[in-house]
Amino acid sequence: MAGLHLEAISKTFGTQTAVERMDLSFGDGELTALLGPSGCGKTTLLRMIAGLETPSTGRIMLGDTDVTAQPAHKRKFGMVFQNFALFPHLNVRENVGYALTIAGVSKSEAGTRADRLLDLVQLTGFADRRIGQLSGGQRQRVAIARALAQEPDIFLLDEPMSALDAKLREEMQVELRLLQQRLGITTIVVTHDQREAMTMADQIVVMSKGRLEQVAPPDQIYNAPANSFVAEFIGKANFLRGTVRDAGVVIGDSYLPISPPPRFINGSPVQVVCRPEQITLTDAGPLMGEVVFVRDLGASREIHLTTPIGTLVAELAATMAPTTLKKGDRVGVHLPVAALHLFPDGAAPDQTAMAAE
Ligand code: ATP
């Protein structure tokens, strides 16, 4: 197996650029999630990798081999797409072994290999069933086993869980990740679901409008977002507007120190971003806030506050949030300096908007 490298890959459809000149590497045996809002170019990028779309510019390298001009069927890439179609007239074993028999493998050998793959995706005992006798999650596993039958070099999945309900989707994410790790297969998953990307990926590629916004492991994407788009797209965030002064930022009449000190010159307008769970509440503090809304989320409690620097949302573990906290209470609000991210103030979201998860 080998890693995959994209060199200056782009795709235009007429006058529209779906993917803008990208350099990207997918590490050997790693799982990468392509994440971004609808229309950002995820599927186009995956289709180019699969050989189903011809790049307008650039090269696709599998290890040292240039596969850019190779048609899809010549690339040993396994694929599971959004609306994966299984053959209803074949049983589960035949569906999984189908590509092998087409490739000239004997029926009995294909059957044996299919049974081994069915064990792998936890469908032992289902081999003789018809597709119509399976649940959505079981069909999904058949599609995965089928894609893996030819021992692909690269495994490509486009929104593979989108047809499953929320609980099953979460189970399948863990299952797929464990399977991928066991096989050590270089895998690329397209998703618009940030939880799915965070759950499964070694590397997340955040895209918007055909461009790369950030390429990094999940914890870095969450804790050190490269820009306000990433901060807003991944997880929840409080957005404030301020002006850089010395080793901190002025927001309204308040001054917040920043660590490490801002990279911007004095007077620069900036967006200040802070994750709700990094805010703590105290009895008193230099920054006071008034509780305007408390939302009980079971494991945590979301507290909406008005403060002199703007509206803030804090999320405290249920065990840490006083159960007596209610609308109208005044509390100290502590924003840890290390938890504040500063970005140049460009096309910003609303001044104090809480980005939806
Ligand atoms: P979604 O999450 O909705 O599937 P996506 O991020 O996968 O979106 P793409 O399907 O790659 O996005 O589309 C990127 C852009 O390219 C979109 O604006 C889309 O309309 C355009 N596009 C994709 N395929 C074609 C095509 N065959 N012809 C013209 N435009 C296309």
Side-chain angles (χ1 to χ4, degrees), residues 4-26 31-60 67-73 75 77-85 136 140 143-144 147 154-166 169-170 172-173 176 186-201 203-216 218 221 225-235 347 355-357:
L4 188 77
H5 306 278
L6 308 185
E7 299 174 359
I9 281 290
S10 69
K11 181 70 189 179
T12 48
F13 294 105
T15 54
Q16 192 190 355
T17 302
V19 173
E20 220 179 281
R21 208 187 147 84
M22 283 183 187
D23 292 293
L24 258 182
S25 284
F26 304 91
L31 191 149
T32 299
L34 305 181
L35 179 66
S38 183
C40 73
K42 308 178 293 289
T43 296
T44 303
L45 186 62
L46 195 80
R47 285 174 59 80
M48 286 194 281
I49 294 169
L52 300 171
E53 205 75 74
T54 310
S56 305
T57 66
R59 294 200 305 172
I60 300 172
V67 298
T68 322
Q70 257 181 23
H73 66 275
R75 300 182 194 188
F77 293 3
M79 291 174 240
V80 177
F81 286 111
Q82 215 159 345
N83 300 309
F84 56 88
Q140 178 64 282
I144 289 169
I154 308 283
F155 192 25
L156 306 173
L157 303 105
D158 189 356
E159 304 271 5
M161 323 285 179
S162 59
L164 308 179
D165 67 51
R169 195 158 62 216
E170 296 214 344
M172 284 297 298
Q173 288 161 5
L176 182 60
T186 310
T187 301
I188 306 170
V189 181
V190 162
T191 180
H192 61 263
D193 177 345
Q194 49 158 301
R195 275 174 70 91
E196 190 162 293
M198 297 289 287
T199 304
M200 297 203 297
Q203 166 178 269
I204 297 180
V205 174
V206 184
M207 297 169 60
S208 84
K209 298 180 184 156
R211 288 193 296 270
L212 296 178
E213 296 288 349
Q214 189 169 7
V215 181
I221 296 269
N227 53 44
S228 56
F229 175 86
V230 177
E232 190 186 13
F233 192 71
I234 309 283
E357 192 175 357

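For ligands, and for the atoms within them, numbers begin at 1 and follow the listed sequence. For clarity, every value in this text was computed on a predicted model and none was experimentally measured.
- Between L6 and M22, every side-chain heavy-atom pair lies at or beyond the 4.5 Å cut-off.
- The shortest side-chain heavy-atom distance between F26 and Q203 falls under the 4.5 Å cut-off.
- In terms of protein heavy-atom proximity, atom 14 (C) of ligand 1 is nearest to G39 O, 3.5 Å.
- Checked by atom type and distance alone, the side chain of T32 never pairs as donor or acceptor with a backbone atom of I188 at under 3.5 Å.
- Using a 4.0 angstrom heavy-atom cutoff, C40 counts as in contact with ligand 1.
- In terms of polar-atom proximity, F13 is not counted as a contact of ligand 1, lacking any N or O under 3.5 Å from an N or O of the ligand.
- Here's the thing with A18: none of its N/O atoms is less than 3.5 angstrom from an N/O atom of ligand 1.
- Annotation: atom 20 (O) of ligand 1 to nearest protein heavy atom, Q16 OE1, 4.2 Å.
- Each of the following atoms of ligand 1 lies closer than 4.0 Å to a heavy atom of T44: 9 (P), 11 (O), 13 (O), 14 (C), 23 (C).
- Counting only distance, with no hydrogens or angles, the side chain of T43 and the backbone of V190 share no donor-acceptor pair below 3.5 Å.
- No side-chain heavy atom of H5 sits less than 4.5 Å from a side-chain heavy atom of L24.
- Neither the backbone nor the side chain of H192 has any atom closer than 4.0 Å to an atom of ligand 1 (non-hydrogen atoms only).
- The nearest heavy-atom contact from the protein to atom 4 (O) of ligand 1 is T43 OG1, 3.8 Å.
- For atom 3 (O) of ligand 1, the nearest non-hydrogen atom of the protein is S38 OG, 2.6 Å.
- In this structure, atom 2 (O) of ligand 1 lies nearest to the protein heavy atom K42 NZ, 2.9 Å.
- At least one N or O atom of G41 sits closer than 3.5 Å to an N or O atom of ligand 1.
- With contacts defined as side-chain heavy-atom distances shorter than 4.5 Å, the pair K11/S56 qualifies.
- Between T187 and M200 the shortest side-chain heavy-atom distance does not fall below 4.5 Å.
- At distances below 3.5 Å, not a single donor-acceptor pair connects side-chain atoms of Q173 with backbone N or O atoms of T199.
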